[in-house]
Amino acid sequence: MDEFSLIQQYFQRPSSDAVKANHQLVMGIGDDCAILDVPRGQQLVFSIDTMVEGVHFTQDTAPADIAWRLLGAAVSDLAAMGATPNNFTLALTIPELSEPWLQSFSDNLSAAAQAYQITLAGGDTSRGPLTLSVQVQGFVDSGQALLRSGANTGDVICVTGTLGDSRAGLSLLDHLTPDADQQYLLDRFYRPVPRVASGLLIKKYATACIDISDGLLADLGHVLSRSKKGGKIDSAAIPLSPQLKHIAGDKALHWALSGGEDFELCFTLSAENWRLLQRELQQAEPGIALCEIGVVTEESGLQIFQDNKWQAVTAQGFQHFSNE
Ligand code: ADP
Ligand code: MG
């Protein structure tokens, strides 16, 4: 099979004209470039993510899981900006032409694309060590993108969903017969769901936002340093799933604070807007929970209240205050 028929068979799926119209795509797969109409009054928001076998996933990872994780992680960056996903391109480097692998990968990529309302608009295919890059594109109303840099002193710090599940899933990869709780955590690792709807909802209220890919402490640290602020968080307020508590025991909090790849959102907003957002949430369909975990401070540095005392968070982890 040559590259042309491979693309036709696996990636050039019939997408209805309605979807194309919705997605502003004038030209998708098949020409030298794709063409996109950027709606008037909107800005194009884009980002690229790469996954390499042996670095981001092991050799025995199912192509279905690779597809969901690849697109979920990439779309999460759009969610963090409060953007609406529109289309993506795929650079696929494969060591050999395995039709079962391509079938499962492309079927699941297509299902994930459907789930996240994003259209495959083009890509590139070559031979080499298994490497997958996805560039995602979305739109925001001009000037409305959620940045990392807008947190104000006194803002409430919040997160979506629960934290630590993906790290717990990672610890379970060699479990051959997972029970229901273990399977839940494995799914959280393999199939992170980008918080697109949450991003769109909080955009109206938030001052800053990031998706949690490196762990809460690290990613909240990015928001605070980009905003030139500090923060205080309460370890007792960190949302943990029952499955995590069951499986991780006394590691649960550590994984929630430092484990990466939950792809939940961490955002800041004024106390008044937090009240308004909670009111809007009560009226909306029940979806992903939002949870207050701390406050933005004028003084730089991140502190966490744990074991009945405030502890400073450093790159190495927590450090007890020497003068306390
Ligand atoms: P060129 O050589 O001009 O770069 P290609 O033969 O690589 O063109 O690609 C032909 C068409 O197929 C282009 O529209 C490209 O975007 C698309 N394409 C190539 N590989 C992929 C892929 N893995 N997934 C989706 N579209 C692809
Ligand atoms: Mg090419």
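Indexing begins at 1, ligand by ligand and atom by atom, following the structure's order.
The salt bridge (charged side-chain N to carboxylate O under 4.0 Å, His left out) contacts involving residues 267-278 comprise Glu272-Arg275, where partners must be two or more places apart or lie in separate chains.
Contact check on Arg13 versus Asp107 returns a salt bridge, with a Lys/Arg side-chain nitrogen under 4.0 Å from an Asp/Glu carboxylate oxygen.
Near Gly122, meaning under 4.0 Å from any of its heavy atoms, are these atoms of ligand 1: 16 (O), 25 (C), 26 (N), 27 (C). In the vicinity of Leu120, heavy-atom distances shorter than 4.0 Å reach the ligand 1 atoms 25 (C). Listed by number with element, the atoms of ligand 1 under 4.0 Å from a non-hydrogen atom of Glu3 are 5 (P), 6 (O), 7 (O). Near Asp32, with a cut-off below 4.0 Å to any heavy atom, the atoms of ligand 1 are 3 (O). Here is the list of ligand 1 atoms found below 4.0 Å of a heavy atom in Ile29: 12 (O), 14 (O), 17 (C), 25 (C), 26 (N). Of all the atoms in ligand 1, the ones that sit under 4.0 Å from a non-hydrogen atom of Gly30 are 11 (C), 13 (C), 14 (O).
Not a single N or O atom of Ile7, backbone or side chain, sits closer than 3.5 Å to an N or O atom of ligand 1.
Put simply, the residue from Arg188, Arg191, Arg69, Arg167 that forms a salt bridge (charged side-chain N to carboxylate O under 4.0 Å, His left out) with Glu261 is Arg69.
Closest approach of Met27 to Cys33, counting heavy atoms only: CG-O, 3.6 Å. What you find for Thr131 and Thr50 is that their closest heavy atoms are CG2-CG2, 3.8 Å.
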Side chains of residues 207-219: which donor-acceptor partners sit under 3.5 Å, not counting sequence neighbours?
unit_1: Thr207; atom_1: OG1; unit_2: Asp155; atom_2: OD2; d: 2.6
unit_1: Thr207; atom_1: OG1; unit_2: Thr268; atom_2: O; d: 3.1
unit_1: Thr207; atom_1: OG1; unit_2: Thr268; atom_2: OG1; d: 2.7
unit_1: Asp211; atom_1: OD2; unit_2: Ser76; atom_2: OG; d: 2.6
unit_1: Asp219; atom_1: OD2; unit_2: Ser213; atom_2: N; d: 2.8
unit_1: Asp219; atom_1: OD2; unit_2: Asp214; atom_2: N; d: 2.7
unit_1: Asp219; atom_1: OD2; unit_2: Gly215; atom_2: N; d: 3.3

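Within the 4.0 Å heavy-atom criterion, both parts of Thr125, backbone and side chain, lie near ligand 1.
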